[in-house]
Protein chains: 2
Amino acid sequence: MRFVYHPAADELSLPSVLYALSDPIRLQIVQALSESGERPCGTFGLALAKTTLSHHFKVLREAGIIAIRTEGTYRWNSLRRADLEARFPGLLNAVLTASELDAAIAVHASQQTAEAEFAFEPVGRR
Amino acid sequence: MRFVYHPAADELSLPSVLYALSDPIRLQIVQALSESGERPCGTFGLALAKTTLSHHFKVLREAGIIAIRTEGTYRWNSLRRADLEARFPGLLNAVLTASELDAAIAVHASQQTAEAEFAFEPVGRR
DNA sequence: GCTATTGTTCTATATTCATCGAACAATAGC
DNA sequence: GCTATTGTTCGATGAATATAGAACAATAGC
């Protein structure tokens, strides 16, 4: 538990970042970090095993989305806002905004029946 | 080959969209669609089996990122820019911008040795 | 009707991933 | 040194995924 490796700012890859953000739990973590700043892993109130949480934090860290700072037995996580902004301008903000919207809409949608799929009619149909 | 189902604009989920965009091949497809507008599946110059391409287009379509229009034996794909913008403002543009930057940097990086990982030094280290 | 073209569905396979329990590592406080 | 706390690493497991070959569907053109 001595050193933790992080990718350098110019080494982040877009697919890795998008993949790391494509999991609902990891999105929750990122959103919480965005709202309340630096936090230890165990303070996110997620009903998951410690090992599972550790896995998600590792994915986020190796994608370059969060940085981890060790202090005593705690590990403080924070968003690498500046690095992400330099490499992928606007991306984090767009995701965070969408995530908030998404959460709001999810709450609203759960009060309705949600089976409204539709089809584009192909031009050459009959 | 009659109807193709697409999710409605308000049914798109952020994790699904981010996941669909987290694959390099699908990113390439989206970028190509962004630059050259509507195109049939077979015109992207990707060295993959037809079935694999079909799979990737399906993932993009079911995530709500592209729409497909049938005309004769062709299927014309297009970006659902407006729907994405309404649901996830700024996201597509951020991804497209980052994707272009990423490609440019990848070309540049391939001309160098790329082993510059570094570590954040934990505060309590010795 | 026959053939060529475009793309999908079905099935299989190898890989990756999310989850978790058990054991371990590092530190704080006594 | 001993114990509690925080988090990681190591396996294991079941699910999801990217890939592709074979067969099929729909259409255009003859």
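Quantities reported herein were computed from a predicted structural model and do not represent experimental measurements. Below, read A as the first sequence line, B as the second, and so on, with proteins coming before strands; counting in each chain starts at 1.
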K.L.:
If you compare every side-chain N and O of A/R75 against the phosphate oxygens of D/dT8 (OP1, OP2), does one of them come in below 4.0 Å?
P.N.:
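Yes, such a contact exists.
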K.L.:
Is there a side-chain contact between B/P7 and B/R80 in this structure, where contact means two heavy atoms from C-beta onward sitting under 4.5 Å apart?
P.N.:
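Yes, their side chains come closer than 4.5 Å.
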K.L.:
Can you figure out which of D/dG7, C/dG7, C/dA26 approaches the side chain of A/Y74 most closely?
P.N.:
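Given the options D/dG7, C/dG7, C/dA26, the side chain of A/Y74 is closest to D/dG7.
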K.L.:
Take atom CD of A/E71 and atom C1' of C/dA26, then tell me their distance rounded to the nearest Å.
P.N.:
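After rounding, the reported distance stands at 14 Å.
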K.L.:
For A/I29 and D/dG7, give me the distance from atom CD1 to atom P, rounded to whole Å.
P.N.:
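Distance, rounded to whole Å: 12 Å.
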K.L.:
Nearest-Å distance, CD1 (B/I66) to P (C/dG7)?
P.N.:
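My rounded result for the distance is 12 Å.
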K.L.:
For B/R69 and C/dT6, what is the distance between atoms CZ and P respectively, to the nearest whole Å?
P.N.:
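From B/R69 CZ to C/dT6 P: 16 Å.
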K.L.:
Before accepting this row, confirm whether a basic side-chain N of the pair A/E38/A/R69 lies closer than 4.0 Å to the acidic partner's carboxylate O.
P.N.:
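Salt bridge between A/E38 and A/R69, a charged N being under 4.0 Å from a carboxylate O: yes.
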K.L.:
Given pairs defined as Watson-Crick or G-U wobble with both distances under 3.5 Å, what dot-bracket annotation applies to DNA chain C, with ( ) intrastrand, [ ] crossing, | other strand and . unpaired?
P.N.:
||||||||||||||||||||||||||||||
K.L.:
Contact between B/V4 and B/R61 at the side-chain level, heavy atoms closer than 4.5 Å - yes or no?
P.N.:
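Sidechains of B/R61 and B/V4: in contact.
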K.L.:
Taking side chain as C-beta onward, heavy atoms only, is B/P15 less than 4.5 Å from A/D23?
P.N.:
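The answer is no, as the side chains (C-beta and beyond) never meet within the 4.5 Å cut-off.
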K.L.:
If you look at every heavy atom in B/L18 and A/L21, which pair is closest and at what distance?
P.N.:
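Looking at all heavy atoms of both residues, the closest pair is CD1-O, 3.2 Å.
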K.L.:
Verify side-chain hydrogen bond (donor to acceptor under 3.5 Å, both in side chains) between A/R39 and A/S78, making sure each step is shown before the conclusion.
P.N.:
CA-CA 7 Å; A/R39 291 169 69 166; A/S78 58; over 6 Å; no
K.L.:
Measuring only between side-chain heavy atoms, which start at C-beta, is B/L84 closer than 4.5 Å to B/L91?
P.N.:
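No; the side chains remain at least 4.5 Å from each other.
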K.L.:
Between A/Y19 and C/dA18, is there a contact of a side-chain N or O with OP1 or OP2 at under 4.0 Å?
P.N.:
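For A/Y19, the contact criterion (side-chain N or O under 4.0 Å from OP1 or OP2 of C/dA18) is met.
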K.L.:
Give, for atom CG of A/L33 and atom CZ of A/R81, the distance between the pair rounded to the nearest 0.5 Å.
P.N.:
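That separation rounds to 9.0 Å.
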K.L.:
Any residue in residues 44-64 of chain B with a heavy atom nearer than 4.0 angstrom to DNA chain C? Just list them by number, or reply none.
P.N.:
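Nucleic-acid contacts, sorted: B/K50, B/T51, B/S54.
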K.L.:
Quick check for you: to the nearest 0.5 Å, what is the distance between A/F44 atom CZ and A/H56 atom NE2?
P.N.:
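With rounding to 0.5 Å, CZ (A/F44) is 12.5 Å from NE2 (A/H56).
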K.L.:
When the distance from CD1 of A/I25 to C1' of C/dA18 is rounded to whole Å, what number comes out?
P.N.:
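Rounded to whole Å, this separation is 8 Å.
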